[in-house]
J.: 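A single structure is presented below for examination.
Here the structure is a predicted model, which means the values were calculated and not measured.
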2 protein chains.
Amino acid sequence: MSTIKAVAARAGVSTATVSRALSNPEIVQPETRARVQEAIEALHYAPNHAAKSLRMLRTSKIMVMVPDVSNPFFSEVLRGAEEAAQAAGHSVLLGDTRGDESREAQYAEMLLRKEADGLIFLGHRMPPSLARVVAARGAQAPLVNACDFSAEHGVAGVHIDNARAAAEAMGLLYSMGHCRVGVIAGPLESHLTRERLAGVRRAAVAAGAERGLAVVHADYTIESGLQETTRLLAAAGRPSAVFCFSDEIAVGALSACRARGVACPAGLSIVGFDDVRYARFLDPPLTTVRQPMAEIGRTAVKLLLDILAGEPAPAEPVTLAHELVVRASTGPAA
Amino acid sequence: MSTIKAVAARAGVSTATVSRALSNPEIVQPETRARVQEAIEALHYAPNHAAKSLRMLRTSKIMVMVPDVSNPFFSEVLRGAEEAAQAAGHSVLLGDTRGDESREAQYAEMLLRKEADGLIFLGHRMPPSLARVVAARGAQAPLVNACDFSAEHGVAGVHIDNARAAAEAMGLLYSMGHCRVGVIAGPLESHLTRERLAGVRRAAVAAGAERGLAVVHADYTIESGLQETTRLLAAAGRPSAVFCFSDEIAVGALSACRARGVACPAGLSIVGFDDVRYARFLDPPLTTVRQPMAEIGRTAVKLLLDILAGEPAPAEPVTLAHELVVRASTGPAA
DNA sequence: GATGAAGATGTAAAGCATTACATCAGGGAG
DNA sequence: CTCCCTGATGTAATGCTTTACATCTTCATC
């Protein structure tokens with residue numbers, strides 16, 4: 001590829017002028033600009049990004065770290081993030097961690113090597129190698145935690161009110177007369193799980209149904225949802241409803257019902273979480289807590305770009321609105 | 001952040017030695033190496049990627065361009081690609097094009113600016129700005145076309161045998177006695193659509209059922225699947241089966257059936273394409289053509305890395321195995 | 001003891017674009 | 001006519017790392 005030098009030579013100007021013609025066209029004489037333009041086209045010149053990035057100390061890239069791109073929830077958040085980044089002239093570096101700590105560390109390292117200007121992470125763990133950055137800059141560190149936010153991290157964040165959302169979901173079930181309710185939660189290490197469980201308990205207490213609560217833990221996959229639901233259905237005093245911490249888990253639950261010949265919602269009401277794109281197309285259509293996935297992604301990017309632009313970080317994490325979407329997978333207790 | 005110079009100064013060696021200690025540890029004396037190591041840790045040194053990349057003329061990044069990350073098919077391919085890239089020490093730059101030509105051009109431009117070493121694109125359009133690269137280097141250009149491959153592009157590619165897969169899907173329907181079959185295809189601009197339609201016709205001819213064929217076009221979304229199916233169901237001589245060119249379309253078809261009170265498969269057999277992760281959990285579980293999505297992603301990356309390593313590109317595009325997965329959404333014609 | 005080879009480390013160029021500062025020309029004001 | 005300011009453009013330093021080549025030890029060999 002040709003360099004700025006070649007373009008300058010051909011146009012009979014200095015490299016400075018070429019650079020200016022590209023980044024500040026209005027300060028170069030129109031005819032000079034035209035000559036430069038001609039040379040650029042003739043030589044098919046495209047500025048080398050590494051050189052620019054080295055000089056400017058900015059990469060125009062943001063790293064987005066997700067536990068699993070192929071999970072419909074994360075891919076939707078990712079899409080929102082990509083959209084916002086792109087609109088702001090940044091591009092997205094994707095890190096799929098598979099929940100693996102060493103992979104997380106590896107991606108975090110990229111921030112230190114200045115391969116990206118900032119990092120958005122969707123998960124409950126904050127990479128230890130970034131601890132120093134956070135210690136030094138606090139919420140001004142170019143880090144945003146999305147979804148599974150914990151104030152302990154001391155970084156900017158965006159999420160929904162998980163406790164309230166969970167309480168509302170349980171409230172729906174209780175209002176329908178269910179008193180034995182299974183909860184298929186996520187792993188306890190996750191702050192998000194603990195938040196939602198707090199909401200669950202609050203609702204149970206309010207309904208005076210604590211004794212009927214059965215909490216089990218899954219890992220957000222369809223398979224584990226199937227397995228845990230099967231276990232709940234087999235137990236004595238089996239629940240008449242389950243609240244799943246993700247739609248994937250709920251799909252597993254539906255599948256377990258089908259396998260055991262339990263009708264939904266007649267035999268088991270099911271509530272999911274997220275409202276992924278196919279939730280409404282399941283049979284029965286899934287009652288679930290909608291998270292504004294794309295909006296979470298966009299907001300995370302916005303927060304990050306604000307931080308990068310040096311704006312004072314908001315003291316509080318951003319809380320977005322959720323919505324309990326009632327469909328046909330829930331019905332009155334028998 | 002500290003630079004290699006600072007590390008060198010602290011360790012009392014030259015920058016060359018620091019560099020060697022990092023990239024070629026075995027050629028530096030163990031005690032020197034230890035001193036360097038100490039300095040690196042003390043100063044929290046991490047090599048600046050832009051500088052490295054400028055010097056080496058390599059970025060260790062590959063751009064993956066998809067029409068829609070949140071589509072479960074693409075996100076699964078993406079995941080495979082990310083995995084393979086990461087394993088080979090590269091990282092993935094994500095480009096979500098939304099099928100928008102100008103966005104495609106923008107991402108392609110990044111290749112020219114050397115923001116990435118290579119590009120994998122999942123779509124039917126080859127960005128025009130890359131035409132020169134291809135003209136110059138042919139299949140040695142750092143480009144790989146995945147899924148929707150066309151030989152016209154003249155670049156490396158990976159895909160399944162779409163014509164055969166489509167013929168098999170239709171063959172299944174014909175073998176079940178369906179003679180009026182609707183086909184909800186993709187847009188005709190796409191080479192992949194034309195390939196599959198060729199397979200469809202071949203099967204129809206073989207079954208002597210050409211007259212019963214009704215081909216309509218959707219854009220691979222659930223919504224358009226719903227709409228086109230509704231149209232097919234409303235038409236005179238309505239089909240007893242539909243073959244959808246994606247599972248998303250099939251979800252729309254299922255949804256249309258439900259809306260019109262048509263039972264599946266009793267009233268309408270449905271075949272999808274892709275076998276996305278939730279296809280088996282739909283009700284009824286979807287009969288579909290499984291594409292090895294993650295494998296496609298991995299293979300695309302492998303091809304690209306081979307090209308980047310200067311290995312002679314395979315003369316032929318890689319064809320991976322598909323599989324017709326028969327589930328409960330198909331049944332004998334009434 | 002001289003010669004050469006091998007191994008360790010240093011020197012400095014190269015990779016490419018941006019931009020502060022310098023320079024130069026032209027026009028307006030006094 | 002001279003001085004100064006403004007606007008356009010050039011000069012050169014800067015960002016940081018890698019690596020070819022140069023240098024210097026050290027050890028083995030004849």
Side-chain angles (χ1 to χ4, degrees), chain A residues 1-40 43-61 89 109-117 308, chain B residues 1-40 43-61 89 109-117 308:
Chain A
M1 266 306 116
S2 48
T3 70
I4 197 172
K5 232 167 162 170
V7 173
R10 174 164 178 133
V13 298
S14 73
T15 60
T17 300
V18 176
S19 178
R20 283 187 283 248
L22 283 167
S23 52
N24 248 75
E26 65 277 14
I27 67 166
V28 349
Q29 202 104 55
E31 51 198 87
T32 312
R33 207 191 307 164
R35 280 211 318 286
V36 169
Q37 197 52 44
E38 184 278 335
I40 286 175
L43 301 174
H44 304 290
Y45 170 69
N48 179 303
H49 182 78
K52 177 171 185 154
S53 156
L54 174 58
R55 183 60 234 243
M56 315 263 287
L57 306 175
R58 289 185 321 113
T59 62
S60 300
K61 286 182 184 35
E109 187 82 6
M110 292 175 66
L111 197 62
L112 304 177
R113 278 196 229 105
K114 302 265 192 314
E115 292 194 60
D117 297 335
L308 290 173
Chain B
M1 266 303 120
S2 48
T3 71
I4 197 173
K5 229 162 161 175
V7 173
R10 177 167 176 133
V13 298
S14 73
T15 60
T17 300
V18 175
S19 178
R20 282 187 283 249
L22 283 167
S23 53
N24 247 74
E26 64 277 15
I27 67 166
V28 348
Q29 202 102 54
E31 52 197 85
T32 312
R33 206 191 311 162
R35 279 213 317 286
V36 169
Q37 197 52 45
E38 184 278 334
I40 286 176
L43 301 174
H44 304 290
Y45 170 68
N48 180 302
H49 183 78
K52 177 171 186 156
S53 156
L54 174 58
R55 182 59 232 241
M56 316 262 285
L57 305 177
R58 288 184 322 111
T59 61
S60 300
K61 288 183 183 27
E109 187 82 4
M110 292 176 67
L111 197 61
L112 304 177
R113 275 196 231 109
K114 301 266 192 320
E115 292 194 62
D117 297 335
L308 289 174

J.: Check B/Arg35 against B/Ala11 and note the closest heavy-atom contact, atom names and distance.
T.: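 So the minimum-distance heavy-atom pair works out to NE-O, 2.9 Å.
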
J.: If I take atom CG in residue A/Leu57 and atom C1' in nucleotide D/dC16, what distance separates them, rounded to the nearest angstrom?
T.: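 Rounding to the nearest Å, CG of A/Leu57 and C1' of D/dC16 are 10 Å apart.
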
J.: Heavy atoms only, 4.0 Å cut-off, all strands: where does B/Ser19 land among base, sugar-phosphate and nothing?
T.: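 Touches a base.
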
J.: Atom NZ of residue position A/Lys61 - does it have more than 12 heavy atoms of other residues, nucleotides or ligands inside 6.0 Å?
T.: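 Yes, enclosed.
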
J.: Has B/Thr32 got a side-chain N or O lying under 4.0 Å from the OP1 or OP2 atom of C/dA8?
T.: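 False: B/Thr32 side-chain N/O out of range (4.0 Å or more) of C/dA8 OP1/OP2.
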
J.: Rounded to the Å, how far apart are B/Ile4 CD1 and C/dT9 C1'?
T.: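 Atom CD1 in B/Ile4 sits about 14 Å away from atom C1' in C/dT9.
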
J.: Nearest whole Å is fine: how far is D/dT19 P from B/Ile27 CD1?
T.: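 Roughly 10 Å, once rounded to whole Å.
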
J.: Measure the distance from CZ on A/Arg35 to C1' on D/dT9 and round it to the nearest whole Å.
T.: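 My rounded result for the distance is 11 Å.
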
J.: Take atom CD of A/Glu26 and atom C1' of D/dG7, then tell me their distance rounded to the nearest Å.
T.: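 Rounding to the nearest Å, CD of A/Glu26 and C1' of D/dG7 are 13 Å apart.
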
J.: Do B/Ile40 and B/Leu22 have side chains that approach each other closer than 4.5 Å (heavy atoms only, starting at C-beta)?
T.: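 Result yes, sub-4.5 Å side-chain heavy-atom pair found.
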
J.: Classify B/Ser23 by what it touches in the nucleic acid, base, sugar-phosphate, or nothing, heavy-atom distance under 4.0 Å.
T.: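 Nothing: the residue B/Ser23, judged by heavy atoms under 4.0 Å, touches no strand.
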
J.: On the side chain of A/Arg20, is there an atom forming a donor-acceptor pair with the base of D/dG10 - under 3.5 Å, no angle test?
T.: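 Pair found.
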
J.: Start at the 5' end of DNA chain D and walk down; is the nucleotide closest to A/Ala51 or to A/Gln29 reached first?
T.: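 Taking each residue's closest nucleotide, the earlier one in sequence belongs to A/Gln29.
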
J.: When you match B/Ala16 and B/Leu54 each to their closest nucleotide on DNA chain C, which lands nearer the 5' end?
T.: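 In this pair, the answer is B/Ala16.
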
J.: Specify the separation, in whole Å, of atom CD of B/Glu31 and atom P of C/dT9.
T.: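 The answer, rounded to whole Å, is 8 Å.
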
J.: To the nearest angstrom, how far is B/Lys5 atom NZ from D/dC16 atom P?
T.: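 Computing the B/Lys5:NZ to D/dC16:P distance gives 9 Å.
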
J.: Would you indicate what B/Val18 reaches in the nucleic acid, counting non-hydrogen atoms under 4.0 angstrom: base, sugar-phosphate, or nothing?
T.: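 It contacts nothing in the nucleic acid.
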
J.: For D/dG10, does either OP1 or OP2 sit under 4.0 Å from a side-chain N or O belonging to A/Thr17?
T.: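 For D/dG10, OP1/OP2 do have a side-chain N/O of A/Thr17 under 4.0 Å.
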
J.: For A/Glu115 and D/dG15, what is the distance between atoms CD and P respectively, to the nearest whole Å?
T.: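 Result: 21 Å.
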
J.: Taking for each residue the nucleotide of DNA chain D with the nearest heavy atom, is it A/Val13 or B/Ser2 whose nucleotide lies nearer the 5' end?
T.: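 Looking at the nearest nucleotide for each, A/Val13 comes out on the 5' side.
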
J.: Check every atom of D/dT11, C/dA17, C/dA12 against the side chain of A/Pro47 and return the nucleotide holding the closest atom.
T.: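 Nearest to the side chain of A/Pro47 among the choices is C/dA17.
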
J.: So, the side chain of B/Arg33 versus the backbone of B/Val28: is there a donor-acceptor pair under 3.5 Å, distance only?
T.: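 The answer is yes, because a donor-acceptor pair under 3.5 Å joins these two groups.
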
J.: Apply side chain to side chain contact (heavy atoms under 4.5 Å, CB included) to the pair B/Val13 and B/Val18, showing each step before the final yes or no.
T.: CA-CA 7 Å; B/Val13 298; B/Val18 175; 3.8 Å; yes

J.: Taking only the side-chain heavy atoms of B/Lys52 (C-beta and beyond), determine which of D/dT18, C/dA17, D/dC16 contains the nearest atom.
T.: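 Of the options given, the side chain of B/Lys52 lies nearest D/dT18.
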
J.: For D/dT17, does the base pair up with any side-chain atom of B/Arg55 as donor and acceptor (N or O, under 3.5 Å, distance only)?
T.: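 No pair found.
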
J.: Below 4.5 Å, heavy atoms only, C-beta onward: do A/Arg10 and A/Glu38 meet side chain to side chain?
T.: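 When only atoms from C-beta onward are counted, A/Glu38 and A/Arg10 do touch, with a gap below 4.5 Å.
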
J.: Do any side-chain nitrogens or oxygens of A/Tyr45 fall under 4.0 Å of OP1 or OP2 in C/dA17?
T.: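 Yes, within the criterion.
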
